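Since the structure comes first, as structure tokens, the remarks are kept for the end.
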Amino acid sequence: MAGKNNLITCTVKQYRMDRGWSQETLAQKINIRRQAVYDIESGRYLPNTAVALHLARIFGCKVEDLFVEEPVTPTCPVEVMHGNAGPSTRLAIGKVRSRLVGFPLDGADSIPFGLHPADGLLTDDGKNAQILSPPDRLEKTLILMGCDPAFEILRHHVTRLLSDAHIYCRFASSHRALDGLAQGVAHVAGTHLHNTDKEEANVVLANRKLAGMSGQILGFAVLEEGLIVAKGNPLGIRSVADLAQPGIRFINREPGAALRVLLDDKLKQAGVDPSCINGYQLTVHSHRDGAFRIASNAADAALGLKTVANAYHLDFVPIGAARCDLVIPDDLSAHPTLKILLDVLQSSALQREINALPGYDGVVCGNAVARLTSSMKT
């Protein structure tokens, strides 16, 4: 949605999309090339005064509404616990008496501790709930379905801007997340299918699952995907073809999961029959479950993300990358927490933290990928 250029946040994309204009349409209105509009929105180019003033006149706003200077992030002395933390290590920071203490968010410490608090308790009839949360909290709760672990980071950035906003991140494969959106049980769906041809797989699936629904598809992050293996990769696994070697115990993802589709495509390209892989029919339903199997020596290789492998102090064999997108229906755009989420996607703070995650690239964060169309049939 907004581009980044140092500490300047650009909101031109949001203003343009609110009016339903394409980049080409805006370019024609201000007499510049479409590429220039793209560069402005992505933060690659800050326009000169004349172009900035022209944009402000067209949108009926001030120049400073379109190009917002973010405050410089302060730096303070911090005492890092448990050593071995390098540059850009993500920290949980608190002030203890007069000093700031930082705990590295890596390994098992990057995975949330504790139980998720309930908003309600189901009654005996199974049809009602005794509400434990204040009613206005439920009005501001956003349900995000998807399987990118970084959605929790997005959630925290939103609550930092609006303390009473709430996002419930529900783990779901790309297919199940879009099904949840189609069924009206979620506000936002995350999907990260890899592209096998010139078509955008996320866009094709979203249009098929959500036929008749209008909305926007925004980029979130590029994820490095592959095989999670034991520390030191003792079996020397270098590619998906190695999974067919005798003695290697593999654990798969469920049919329809994005990583399962990626694996099947790679096996086909390598000419490997899946039936030759020991454990191909055995499945887990999350990155964490697969990593746990490797960490406990119940399997030798599992599908997952590099950041999950790092969290369990395991090794990783990359086999591909995919862009994780957020799919958002237009009719939910007035939701108060969704408005904050769209602002957060524009922030350089979120992009910097995504970039600090192993195997992540936040360059696409907030970029407009496509509009949902209503012409495709389910």
Side-chain angles (χ1 to χ4, degrees), residues 1 13 17 20-24 142-151 154 167-223 225 252-269 274 283-287 303-305 319-335 338 341-342 345 364-378:
M1 296 269 309
K13 187 184 299 183
M17 293 179 65
W21 296 346
S22 66
Q23 290 182 334
E24 183 65 34
L142 197 72
I143 299 174
L144 193 167
M145 295 182 68
C147 62
D148 186 343
F151 287 155
L154 173 63
I167 297 180
Y168 174 53
C169 299
R170 181 70 176 185
F171 186 91
S173 68
S174 297
H175 283 264
R176 289 194 291 121
L178 289 169
D179 286 340
L181 210 58
Q183 295 162 7
V185 298
H187 300 90
V188 182
T191 176
H192 63 94
L193 301 178
H194 74 289
N195 300 329
T196 56
D197 49 37
K198 294 182 179 180
E199 292 185 309
E200 288 280 1
N202 288 340
V203 177
V204 171
L205 181 65
N207 279 320
R208 178 164 62 85
K209 293 275 190 180
L210 305 173
M213 184 181 294
S214 64
Q216 56 186 323
I217 303 176
L218 304 177
F220 179 64
V222 177
L223 319 176
E225 302 174 315
N252 209 343
R253 285 294 304 275
E254 75 278 12
L259 281 167
R260 171 81 169 247
V261 175
L262 174 62
L263 171 69
D264 290 344
D265 284 343
K266 293 294 184 180
L267 290 175
K268 184 177 180 180
Q269 293 171 14
T283 62
V284 291
H285 292 270
S286 73
H287 312 293
L303 294 166
L305 302 177
I319 61 174
R323 188 188 65 241
C324 180
D325 293 333
L326 297 175
V327 185
I328 306 171
D330 284 338
D331 66 305
L332 300 177
S333 60
H335 192 288
L338 183 55
L341 182 145
L342 294 177
L345 287 174
V364 301
C365 190
N367 287 352
V369 173
R371 293 282 307 169
L372 287 174
T373 61
S374 58
S375 59
M376 300 185 68
K377 301 294 184 182
T378 54

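The structure displayed is predicted, hence computed values, not measured ones. Numbers here are sequence positions counted from 1.
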For residues Gly219 and Val369, report the shortest heavy-atom separation together with the two atoms involved. N-CG2, 3.5 Å
About how many Å separate CG of Leu205 and CG of Leu178, when rounded to the nearest 0.5 Å? 5.0 Å
Matching residue for Ile328 among Leu372, Ile217, Val188 - test: side-chain contact (heavy atoms from CB on, under 4.5 Å): Val188
If you count the non-hydrogen atoms of other residues, nucleotides and ligands that lie under 6.0 Å from CZ in Arg170, is the total more than 12? no
Using the side-chain contact (heavy atoms from CB on, under 4.5 Å) rule, take Ile143 and Val185 through it: C-alpha gap first, then chi angles, then the decisive distance, then the call. CA-CA 8 Å; Ile143 299 174; Val185 298; over 6 Å; no
Looking only at heavy atoms, the pair that brings Ala177 and Ala172 closest together is N-CB, 3.9 Å
Does Leu263 form a side-chain contact (heavy atoms from CB on, under 4.5 Å) with Arg253? I'd like the steps, not just the answer. CA-CA 9 Å; Leu263 171 69; Arg253 285 294 304 275; over 6 Å; no
Any idea which heavy atoms bring Leu326 and Leu345 closest together, and the distance? CD1-CD1, 3.9 Å
Do you know which two heavy atoms are closest between Leu338 and Ser333, and how far apart they sit? CD2-CA, 3.9 Å
Is the closest side-chain heavy-atom distance between His335 and Leu142 below 4.5 Å? yes
Nearest 0.5 angstrom please: Gln269 CD to Ile319 CD1, how far? 10.0 Å
Taking the side chain as every heavy atom from C-beta outward, state whether Leu193 and Val204 have any atom pair closer than 4.5 Å. no
Within this structure, what is the CE-CD distance for the pair Met145 and Gln183, rounded to the nearest 0.5 Å? 8.0 Å
Over all atoms of both residues, closest heavy-atom pair of Leu267 and Pro274: CD1-CG, 4.2 Å
Side-chain heavy atoms of Phe171 within contact of Arg176, under 4.5 Å: yes
dist Glu225:CD -> His287:NE2 (nearest 0.5 Å) comes out at 7.5 Å
Parallel, tilted or perpendicular: ring planes of Phe220 versus Phe151, cut at 30 and 60 degrees: tilted
Derivation of the side-chain contact (heavy atoms from CB on, under 4.5 Å) call for Glu199 and Val203: CA-CA 8 Å; Glu199 292 185 309; Val203 177; over 6 Å; no
From Ser286 atom OG to Leu303 atom CG, the distance as rounded to the nearest 0.5 Å: 12.0 Å
Locate the shortest heavy-atom distance separating Cys147 from His192; write the atom from each residue and the value. SG-NE2, 3.0 Å
Atom pair CZ (Arg323) and CD (Glu200), whose distance is rounded to the nearest 0.5 Å: 4.0 Å
Quick one: does Asn195's side chain have a donor or acceptor within less than 3.5 Å of a partner on Ala201's backbone? yes
So do the side chains of Thr283 and Arg260 get within less than 4.5 Å of each other, counting heavy atoms only? yes
